Amino acid sequence: MARRTTKIAVPTPTELLIVKTLRRIVPAAAVSYEQVVIDLADVRRHSYRGIAHELREVLRETLNYLAPDSEVIAVNGFKLEKDQDKPTQRQKALHVLRKRKLSKEEMSAPELTINLAEELSATITRNAYTRGAKDAHTLSSAPEVRQLKMWIDAVLGELLEIHRSRPVVVARAVQRAASPDEGHVEYAIHMKLKS
């Protein structure tokens, strides 16, 4: 009989806040994000390409909610980027940040992060198609996907304003993430793995 072990994916305080916020505004994106956390904790995972697509989808759904195409296009002076028939993710993110009346300097880091996330996600996909071999889907892309997640977490954190005016919520999230064995964890995922 195969021995079963339990793997617990304990999210970081940032992940907790992202999930909590997404559950309120875009539940489908929250479920996808939770799946990313589970999948990245799975040490027996062979393919990381799906996680990259899931992360892009979380960002896309969040941006679609926060900045619908019609709202972005309606802004005075808006122009579509070359060869695009709708606003890009970058344009949508900038729209959200502009609505908050952030300075150009405050918007530059999220804009750069979105550009990097889009490029890395496209690179992962291109590599999978180009190499066409088993190694295109194996651990070789794990570091790239983990980097992509870090960037998308940064963008989601900014877009969802998870760190603004919430010191008590952040403190509670840190406490819960640091003590998963005490039974008061808001979000800890148990996975059954065969060994």
Side-chain angles (χ1 to χ4, degrees), residues 6-69 86-93 96 110-163 173 177 180 185-194:
T6 301
K7 172 72 176 169
I8 300 174
V10 180
T12 66
T14 297
E15 291 168 339
L16 284 168
L17 292 170
I18 289 171
V19 168
K20 185 175 184 172
T21 305
L22 286 175
R23 280 184 185 153
R24 283 196 328 265
I25 63 171
V26 191
V31 170
S32 292
Y33 188 83
E34 288 174 312
Q35 188 63 53
V36 165
V37 173
I38 292 169
D39 290 348
L40 283 174
D42 186 353
V43 295
R44 295 175 14 152
R45 186 161 188 89
H46 296 288
S47 172
Y48 286 82
R49 189 179 65 167
I51 299 172
H53 291 295
E54 197 82 39
L55 281 166
R56 277 195 77 186
E57 191 63 13
V58 168
L59 183 58
R60 186 194 65 75
E61 288 179 359
T62 303
L63 285 170
N64 284 348
Y65 174 82
L66 296 173
D69 289 350
K86 61 183 181 177
T88 63
Q89 287 187 1
R90 186 183 71 79
Q91 288 176 310
K92 286 178 167 229
V96 171
E111 179 182 10
L112 174 62
T113 303
I114 288 171
N115 288 338
L116 291 170
E118 285 180 339
E119 185 167 325
L120 183 57
S121 182
T123 299
I124 291 167
T125 303
R126 267 194 313 274
N127 286 347
Y129 288 119
T130 303
R131 295 196 312 219
K134 179 184 173 197
D135 70 349
H137 308 288
T138 59
L139 294 175
S140 63
S141 63
E144 292 172 322
V145 172
R146 290 183 194 288
Q147 184 66 54
L148 176 63
K149 183 183 175 298
M150 287 173 38
W151 289 337
I152 289 181
D153 282 355
V155 171
L156 289 172
E158 184 64 36
L159 293 174
L160 299 172
E161 298 183 280
I162 64 169
H163 300 297
V185 177
E186 181 177 321
Y187 171 64
I189 303 161
H190 298 275
M191 295 172 28
K192 298 286 185 183
L193 299 176
K194 292 182 183 177

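Only a predicted model underlies this, so the values are computations on that prediction, with no experimental measurement involved.
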All side-chain contact (heavy atoms from CB on, under 4.5 Å) counterparts of P27, not counting sequence neighbours: none

Report the distance from atom CD of E15 to atom CG of L156, rounding to the nearest 0.5 Å. 11.0 Å

Matching residue for D69 among K86, K92, R60 - test: salt bridge (Lys or Arg N to Asp or Glu O under 4.0 Å): K92

From Q89 CD over to L59 CG, what is the distance, rounded to the nearest 0.5 angstrom? 4.5 Å

Side-chain touch V36/V145, heavy atoms, less than 4.5 angstrom: no

Under the side-chain hydrogen bond (donor to acceptor under 3.5 Å, both in side chains) rule, collect the residues that match up with E54, sequence neighbours excluded. S32

Quick one: pull up CG in D153 and OG1 in T12 and give me the separation to the nearest 0.5 Å. 6.5 Å

Does N64 form a side-chain contact (heavy atoms from CB on, under 4.5 Å) with V26? I'd like the steps, not just the answer. CA-CA 10 Å; N64 284 348; V26 191; over 6 Å; no

Nearest heavy atoms of L22 and T62, plus distance in Å: CD2-OG1, 3.4 Å

Return the set of residues passing side-chain hydrogen bond (donor to acceptor under 3.5 Å, both in side chains) with R146 (not counting sequence neighbours), or none when no residue passes. none

For residues Y48 and D42, report the shortest heavy-atom separation together with the two atoms involved. OH-O, 4.3 Å

The reported gap from CG in L66 to CD in E61 (rounded to nearest 0.5 angstrom) is 12.0 Å

Does the side chain of Y65 reach to within under 4.5 Å of the side chain of V96, using non-hydrogen atoms? no

Can you tell me how far the CD1 atom of I38 sits from the CZ atom of R45, to the nearest 0.5 Å? 10.5 Å

Distance, nearest 0.5 Å, that separates OH of Y33 from OG1 of T21: 10.5 Å

